[in-house]
Amino acid sequence: MTSLVGRTEAELAQWLQAGFGAVLGEEVAGKLAVRVTPATDPAFGDFQCNDAMALAKVAKKPPRAIAEAVCRAQPLPPSLAKVEVAGPGFINLTLQPAWLARQVVEQGARPRCGIPQAGGGKTVVLDYSSPNVAKPMHIGHIRSTIIGNTLDRLYRALGYRVIADNHLGDWGTQFGIIIKGFRAFVDQQKLAESPVEELERIYVKSYEQTKSDPAWLDGCRQELVKLQQGDPENLALWKQFVELSREEFNRIYQRLDVAFDRYHGESYYNDKLAGVVRQLEEAGLAKESEGATVVFLEEEGLPVCIVRKKDGGFNYATSDLATVQSRVAEFQPDRIVYVTDERQQDHFKQFFAISRKLGITTRLDHVWFGLMRLPEGTFSTRQGNVIKLDKMLDEAEARALAIIREQSPEMPEAAQRELAQAVGIGAVKYADLSHDLRTMIVFSWDRALAMDGNSGPYLQYAHARICSLLDKYAAQFPGEDIAAGELLLNDPAERQVALQILQFPVAVARAAEIYKPSVLAEYLYALSQAYSSFYQRLSVLKAESMAQRRSRARLCDLVAGVLREGLGLLAIRAPRRI
RNA sequence: GCGCCUGUAGCUCAAUUGGAUAGAGCAUCAGACUACGGAUCUGAGGGUUGCAGGUUCAACUCCUGCCAGGCGCGCCA
């Protein structure tokens, strides 16, 4: 997919492929889809191809000679100014400046800065965030929400039909514990003031008691069974818990600019669980073992998977199976993607394996990320060492507000506060999204809320400076349409910015394809760096000629467009003033 | 014990999935036209990529074995 996205890369690759065909014969050259990538160093040119080395093995000829022959086999295409061979057989390509300029301008004119419509309307179901009801969202929950939401935006932008489904943990053993605890411990006043906090207190207290009091534990199990059998009182309590939690979740989602297409929690599939187990038994997949019903997965090298507990209750594997069947039937998706932390890898392997056995052919992907933890260890509601998500967002906004008050004292208070939201939340999101998913994050306030260097605010700052510059341009040169003249790329700094702009569609497609928002985050940072260097080195408003002023203003405008679009995909706002 | 993951500059992380001299940020040091916004930019120092082998034109990347850490391993999700 990626190789087709960069139009420039695709065009150059096609030319080279023909060259390899002419030199080595179509049969040999056809063994490899020639790839063109951006040059690793501007000194080498704009793009490079390393495939002469790879094909040298097949062709049994020296790579350097092949590369040289390929370069001479055909006349240069209009896109190229220069082709050179270096080292063992690197083919270095340098573009015609005018041609590069035209690509950049054309890309800028396309919708969404040239993001390819690779999805073709295919459906992707995205399962992310999925917090547990009756527990507050803490900073351990933010990764699934932010990463999932970025994947959501990426796939939508690429032309997929995305179903963002928040698979709430609204049905499970914890409700036995909470209902039993609620009856015994609830403080109605606290419940009214801060519902989820009170539910959490009840949960922790009741859970504690299960450890020392077997009768209590048994009572919790019974409450759960009653709930699962439709007991009206327990059902009413449960509904109350869910509604209170939903309200709190929605408040946080609003702060984060996250929205779902649906909230089908585990409870939604409750009446299908028995059927799933029956189906597994009929297919000879599930067996009785130690009083429970289980699926053995020895052939897959996986541990045994319990689908019905000995008390008759079902657990998450069964629920996930019912869910996937329902989603496949309803949406016929091209794929279903689950975003969770790393601890669930085995579960998803088991669940995917059983799904296959049940005849589900839909592509199922588990996108997992490293745990967020404190220096002292992992978070746990039970241990009470959590940092609430709300509190972190408050702190982020407070820090941003302090900087804004210092930098822009003339700005009205209300505007400062609104800006602080955009900047503070942007900083939090970027801090997370710019890292590889798999790395474990040890939480630190200063790291999560960094506002200089490689950070969200850096990108916002770059964007705001461009907006301000373009305003000045419009005021100083009324009637001088930036889109009128030619885009001039004579200086290396201008050239680097242009080349970066061209990489935007590639970065977007790649980030989505390999489920790595960090690819896009890093791209945006590289673009901003290239822009900042250009900005510092060359004057726009005081350039020598009107043509040059116009051209540079236009380049700025193109960068701003990409930044806006890219930040939007990361769900980070791009204010005109910061 | 078995499985998954991680180990890169003092710290936090990259490295286009096997390519050229391993790059950024923070921190440190030295600079930037009386500045198109200094939340910025330019430069310097800082590395045996955990260790030891192997594969090849080329290894942070792939294979093997160790060492260290994180997570998981039948009725929690």
Side-chain angles (χ1 to χ4, degrees), chain A residues 2 35 37-41 43-44 48 50 53-54 56-57 62-64 86-90 92 130 132 169 172-174 177 266 289-294 301-311 313-317 319-320 340-347 349 368 370-371 373 377-378 400 403-404 406-408 423 431 434-436 438-442 444 446-447 450-455 457-458 460-462 464-466 468-473 476 503 506-507 510 514 518-519 522-523 525-526 529 532-533 535-543 549 552-553 556 577-578:
Chain A
T2 308
R35 285 201 320 159
T37 56
T40 52
D41 186 322
F44 300 143
Q48 63 176 296
N50 308 331
M53 275 95 76
K57 271 202 181 74
R64 176 137 190 143
F90 295 102
N92 292 332
S130 307
N132 284 326
T173 312
Q174 81 258 33
I177 297 170
E266 290 164 20
S289 170
E290 295 173 33
T293 307
V294 305
L302 293 169
V304 67
C305 179
I306 294 174
V307 293
R308 183 170 53 206
K309 299 185 279 185
K310 68 181 170 192
D311 67 4
F314 304 102
N315 52 11
Y316 50 95
S319 174
D320 275 334
T340 82
D341 74 54
E342 60 185 327
R343 289 174 300 190
Q344 299 192 35
Q345 288 176 79
D346 279 346
H347 161 63
K349 281 182 197 160
W368 59 265
L371 238 33
R373 44 172 289 169
T378 48
I403 298 173
I404 291 163
E406 194 182 328
Q407 302 284 324
S408 315
V423 174
S434 59
H435 290 113
D436 187 288
R438 300 189 172 196
T439 58
M440 182 183 74
I441 293 184
V442 177
S444 122
D446 287 339
R447 245 176 271 141
M451 310 238 174
D452 56 359
N454 186 354
S455 70
Y458 174 92
Q460 291 171 320
Y461 178 73
R465 265 198 317 191
I466 296 174
S468 146
L469 177 61
L470 291 173
D471 286 348
K472 289 211 167 95
Y473 174 91
Q476 280 181 38
Q503 288 305 304
V506 181
R510 188 173 160 74
I514 62 176
S518 61
V519 168
E522 261 171 48
Y523 162 76
Y525 183 64
Q529 276 188 314
S532 292
S533 293
Y535 174 85
Q536 194 269 342
R537 195 173 128 76
L538 302 169
S539 185
V540 177
L541 299 180
K542 292 178 197 152
R549 286 192 283 271
R552 287 181 184 164
C556 291
R577 298 276 178 277
I578 125 166

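Because the structure is predicted, anything quoted here is derived from the model rather than measured. Every chain is numbered from 1, with letters handed out A, B, ... down the list of sequences.
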Reference residue A:Tyr461; test side chain to side chain contact (heavy atoms under 4.5 Å, CB included); the match among A:Ile578, A:Ile466, A:Asp452 =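 Single pass found, and it is A:Ile578.
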
Using the [atom1] atom on both, measure [N] against [M] and round to a whole Å.
| N | M | atom1 | answer |
| --- | --- | --- | --- |
| B:U40 | B:A52 | C1' | 46 Å |
| B:C36 | B:U61 | C1' | 44 Å |
| B:A32 | B:G38 | P | 15 Å |
| B:C51 | B:C67 | C1' | 7 Å |
| B:G10 | B:U49 | P | 13 Å |
| B:C11 | B:G18 | C1' | 30 Å |
| B:G7 | B:U16 | P | 13 Å |
| B:C4 | B:A9 | P | 26 Å |

Nearest to the side chain of [X], heavy atoms from C-beta on, is which of [options]?
| X | options | value |
| --- | --- | --- |
| A:Asp452 | B:G37, B:C26, B:C71 | B:C26 |
| A:Glu266 | B:A20, B:A77, B:C57 | B:A77 |
| A:Ile404 | B:G74, B:G19, B:A39 | B:A39 |
| A:Met53 | B:G25, B:G37, B:C57 | B:C57 |
| A:Leu469 | B:G74, B:U40, B:G37 | B:G37 |
| A:Ala464 | B:G72, B:G37, B:C41 | B:G37 |
| A:Ser532 | B:A20, B:U40, B:C36 | B:U40 |
| A:Tyr525 | B:G25, B:C71, B:G19 | B:G25 |

Verify the contact: side-chain N or O of [X] to OP1 or OP2 of [N], cut-off strictly under 4.0 Å; return yes or no.
| X | N | answer |
| --- | --- | --- |
| A:Thr173 | B:A77 | yes |
| A:Lys472 | B:G37 | yes |
| A:Gln407 | B:A39 | yes |
| A:Ser533 | B:U42 | yes |
| A:Thr37 | B:U16 | no |
| A:Tyr458 | B:C41 | yes |

Going from [atom1] on [X] to [atom2] on [Y], what distance comes out if it is rounded to the nearest 0.5 angstrom?
| X | Y | atom1 | atom2 | answer |
| --- | --- | --- | --- | --- |
| A:Arg577 | A:Gln407 | CZ | CD | 14.5 Å |
| A:Asn92 | A:Asn50 | CG | CG | 8.5 Å |
| A:Arg308 | A:Asp311 | CZ | CG | 10.5 Å |
| A:Glu266 | A:Asn315 | CD | CG | 10.0 Å |
| A:Ile404 | A:Met451 | CD1 | CE | 8.0 Å |
| A:Gln476 | A:Lys542 | CD | NZ | 8.5 Å |

Taking syn as within 90° of 0 and anti otherwise, name the glycosidic form of B:U17.
->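 Because its glycosidic torsion lies within 90° of 0, B:U17 adopts the syn conformation.
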
Across the strands shown, which category fits [X] at heavy-atom distances under 4.0 angstrom: base, sugar-phosphate, nothing?
| X | result |
| --- | --- |
| A:Arg373 | sugar-phosphate |
| A:Ala450 | nothing |
| A:Pro38 | base |
| A:Asp346 | sugar-phosphate |
| A:Leu302 | nothing |
| A:Arg577 | base |
| A:Gln344 | base |
| A:Gly169 | nothing |
| A:Gln460 | nothing |

Which residues satisfy the ring pair (Phe, Tyr, Trp, His ring centres under 6.0 Å) test with A:Tyr316, sequence neighbours excluded?
->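 For A:Tyr316 the ring pair (Phe, Tyr, Trp, His ring centres under 6.0 Å) partners, ignoring immediate neighbours, are A:His347.
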
Rounded off to whole Å, could you give me the [atom1]-to-[atom2] distance for the [X] and [N] pair?
| X | N | atom1 | atom2 | result |
| --- | --- | --- | --- | --- |
| A:Phe314 | B:C76 | CZ | P | 14 Å |
| A:Lys349 | B:C73 | NZ | P | 13 Å |
| A:Gln345 | B:A77 | CD | C1' | 15 Å |
| A:Gln536 | B:C41 | CD | C1' | 4 Å |

In what stems does RNA chain B take part, counting only runs of at least 3 consecutive Watson-Crick or G-U pairs whose two distances fall under 3.5 Å?
->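 The stems that RNA chain B takes part in, listed by first number, are B:1-7 with B:67-73, B:10-13 with B:23-26, B:28-32 with B:40-44, B:50-54 with B:62-66.
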
Is any side-chain heavy atom of A:Val540 less than 4.5 Å from a side-chain heavy atom of A:Cys556?
->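 Touching, per the 4.5 Å side-chain cut-off.
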
Minimum heavy-atom separation for A:Ser532 to A:Tyr458, with atom names?
->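 Result for this residue pair: OG-OH, 3.3 Å.
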
Where A:Tyr523 and A:Gln503 come nearest, the two heavy atoms and their spacing |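 Of all heavy-atom pairs spanning A:Tyr523 and A:Gln503, the closest is CE1-CB, 3.7 Å.
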
Where the side chain of A:Ser468 meets the backbone of A:Ala464, is there a donor-acceptor pair that is under 3.5 Å apart?
->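 Absent.
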
Is the ring centre of A:Tyr535 under 5.5 Å from the base ring centre of B:C36, and are the two planes under 30° apart, so that they stack?
->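 One would call A:Tyr535 stacked on the B:C36 base.
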
Has A:Phe90 got its ring stacked on B:A20, by the test of a centre gap below 5.5 Å and a plane angle below 30°?
->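 Stacking is present between B:A20 and A:Phe90, given that their ring centres fall under 5.5 Å apart and the planes under 30°.
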
Do nucleotides 6-15 of chain B as a string where each nucleotide becomes B, S or -: B if the base has a protein heavy atom under 4.0 Å, S if just the sugar-phosphate does, - if no protein is that close.
-> ------SSS-

Is there a side chain to side chain contact (heavy atoms under 4.5 Å, CB included) between A:Trp368 and A:Gln344 once you walk through the steps?
-> CA-CA 8 Å; A:Trp368 59 265; A:Gln344 299 192 35; over 6 Å; no

For RNA chain B, whose closest nucleotide is more 5', that of A:Asp311 or that of A:Ala39?
->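 Residue closer to the 5' terminus by nearest nucleotide: A:Ala39.
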
Taking for each residue the nucleotide of RNA chain B with the nearest heavy atom, is it A:Cys305 or A:Gln174 whose nucleotide lies nearer the 5' end?
->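 In this pair, the answer is A:Cys305.
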
Base B:A20 paired with A:Asn92 side chain (donor-acceptor, <3.5 Å) |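 Answer is yes: a donor-acceptor pair is held.
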
Ignoring hydrogens and angles, answer whether the base of B:A77 and the side-chain atoms of A:Tyr316 contain a donor-acceptor pair closer than 3.5 Å.
->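 Checked by distance alone, the answer is yes.
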
Is the shortest distance from a Lys or Arg side-chain nitrogen in A:Asp436 or A:Arg438 to a carboxylate oxygen in the other one below 4.0 Å?
->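 Here A:Asp436 does not pair with A:Arg438 in a salt bridge, since their nearest N and O are not under 4.0 Å apart.
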
